[in-house]
Amino acid sequence: MSHTPHELTEEFPDLADKIHELKTSNAHFAKLADEYHELNRQIHRIETDVEPASDEHQTELRKQRMALKDEIYNMLKA
(Lines give C-alpha, C1' and ligand atoms only; values in the text may rest on other atoms or scores of the structure.)
Protein backbone atom coordinates (compact mmCIF):
# COMPACT_ATOMS: atom_id res chain seq x y z
CA MET A 1 0.00 0.00 0.00
CA SER A 2 1.31 3.42 -0.87
CA HIS A 3 1.84 6.16 1.67
CA THR A 4 -0.91 8.77 1.80
CA PRO A 5 0.59 12.26 2.11
CA HIS A 6 -0.94 15.11 4.10
CA GLU A 7 -1.96 13.09 7.15
CA LEU A 8 -2.60 15.34 10.16
CA THR A 9 0.42 14.14 12.11
CA GLU A 10 2.61 14.96 9.11
CA GLU A 11 0.99 18.34 8.62
CA PHE A 12 1.42 19.20 12.32
CA PRO A 13 4.26 16.97 13.60
CA ASP A 14 4.86 19.14 16.67
CA LEU A 15 1.20 18.70 17.65
CA ALA A 16 0.93 14.92 17.22
CA ASP A 17 0.38 14.33 20.94
CA LYS A 18 -2.35 16.98 21.08
CA ILE A 19 -4.01 15.48 17.98
CA HIS A 20 -4.16 12.11 19.71
CA GLU A 21 -5.41 13.65 22.95
CA LEU A 22 -8.19 15.61 21.25
CA LYS A 23 -9.23 12.62 19.12
CA THR A 24 -9.92 10.69 22.31
CA SER A 25 -11.39 13.49 24.43
CA ASN A 26 -13.29 15.76 22.03
CA ALA A 27 -16.03 14.24 19.87
CA HIS A 28 -16.21 17.26 17.55
CA PHE A 29 -12.45 17.20 16.95
CA ALA A 30 -12.57 13.43 16.35
CA LYS A 31 -15.35 13.94 13.77
CA LEU A 32 -13.35 16.65 11.99
CA ALA A 33 -10.22 14.49 12.01
CA ASP A 34 -12.17 11.56 10.55
CA GLU A 35 -13.67 13.78 7.85
CA TYR A 36 -10.19 15.14 7.04
CA HIS A 37 -8.76 11.62 6.87
CA GLU A 38 -11.50 10.37 4.50
CA LEU A 39 -11.26 13.45 2.28
CA ASN A 40 -7.48 13.21 2.20
CA ARG A 41 -7.60 9.56 1.16
CA GLN A 42 -10.13 10.36 -1.56
CA ILE A 43 -7.84 13.10 -2.92
CA HIS A 44 -4.89 10.70 -2.80
CA ARG A 45 -6.83 8.09 -4.80
CA ILE A 46 -7.60 10.72 -7.42
CA GLU A 47 -4.00 11.97 -7.54
CA THR A 48 -2.68 8.42 -8.02
CA ASP A 49 -5.25 7.68 -10.76
CA VAL A 50 -6.99 4.99 -8.72
CA GLU A 51 -10.24 6.95 -8.87
CA PRO A 52 -11.02 9.23 -11.84
CA ALA A 53 -12.28 12.77 -11.24
CA SER A 54 -12.45 16.05 -13.09
CA ASP A 55 -9.99 18.81 -12.32
CA GLU A 56 -12.85 20.91 -10.95
CA HIS A 57 -13.92 18.16 -8.55
CA GLN A 58 -10.35 17.61 -7.40
CA THR A 59 -9.93 21.35 -6.79
CA GLU A 60 -13.16 21.46 -4.77
CA LEU A 61 -12.02 18.51 -2.63
CA ARG A 62 -8.69 20.23 -1.98
CA LYS A 63 -10.51 23.39 -0.88
CA GLN A 64 -12.64 21.32 1.51
CA ARG A 65 -9.50 19.64 2.89
CA MET A 66 -7.86 23.03 3.46
CA ALA A 67 -10.93 24.36 5.28
CA LEU A 68 -10.99 21.30 7.54
CA LYS A 69 -7.26 21.60 8.16
CA ASP A 70 -7.68 25.26 9.16
CA GLU A 71 -10.49 24.39 11.58
CA ILE A 72 -8.47 21.53 13.05
CA TYR A 73 -5.42 23.76 13.45
CA ASN A 74 -7.47 26.41 15.26
CA MET A 75 -8.71 23.77 17.70
CA LEU A 76 -5.17 22.50 18.23
CA LYS A 77 -3.90 25.98 19.01
CA ALA A 78 -6.82 26.92 21.33
Side-chain angles (χ1 to χ4, degrees):
M1 179 180 280
S2 67
H3 172 72
T4 305
H6 301 289
E7 294 294 343
L8 286 175
T9 54
E10 291 179 357
E11 294 293 307
F12 309 116
D14 55 327
L15 298 171
D17 290 340
K18 186 145 188 190
I19 290 169
H20 177 72
E21 174 191 327
L22 286 174
K23 276 182 167 181
T24 59
S25 66
N26 184 316
H28 180 64
F29 183 88
K31 181 178 179 280
L32 291 176
D34 286 345
E35 286 177 23
Y36 178 90
H37 177 73
E38 287 304 315
L39 191 56
N40 190 48
R41 291 187 64 76
Q42 183 179 2
I43 292 167
H44 181 67
R45 287 191 304 272
I46 293 168
E47 291 173 343
T48 57
D49 296 322
V50 171
E51 185 177 308
S54 68
D55 289 343
E56 294 81 14
H57 182 63
Q58 187 173 7
T59 298
E60 184 58 37
L61 293 175
R62 286 181 174 158
K63 287 178 183 178
Q64 290 174 20
R65 179 177 64 184
M66 183 60 72
L68 275 172
K69 189 167 119 178
D70 287 347
E71 188 173 353
I72 288 167
Y73 180 74
N74 288 332
M75 290 182 76
L76 289 168
K77 286 305 204 178

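Only this structure's heavy atoms are used, side chains among them; waters, hydrogens and symmetry mates stay out.
- We find the CD-CD distance between E71 and E35 to be 8.5 Å, quoted to the nearest 0.5 Å.
- More than 12 heavy atoms of other residues, nucleotides or ligands lie within 6.0 Å of NZ in K18, so this atom counts as buried by the packing criterion.
- Heavy-atom neighbours of D14 CG from other residues, nucleotides or ligands within 6.0 Å: above the threshold of 12.
- Counting side-chain heavy-atom gaps under 4.5 Å among Ile, Leu, Val, Met, Phe, Trp and Tyr, the cluster of F12 also holds L8, L15, I19, L22, F29, L32, Y36, L39, I43, I46, L61, L68, I72, Y73, M75, L76.
- With a 4.5 Å cut-off on side-chain heavy atoms, H6 and R62 do not count as touching.
- Inter-residue side-chain proximity for M66 and K63 is flagged as unmet; no heavy-atom pair is nearer than 4.5 Å.
- The closest side-chain heavy-atom distance from R65 to Q42 is not below 4.5 Å.
- Using a 4.0 Å cut-off between charged side-chain N and carboxylate O, R41 and E51 make no salt bridge.
- Between H44 and E7 the shortest side-chain heavy-atom distance does not fall below 4.5 Å.
- Across all their heavy atoms, T9 and A16 have their closest contact at CG2-CB, 4.1 Å.
- Heavy atoms only, all atoms of each residue included: A33 and K23 are closest at CB-CE, 3.8 Å.
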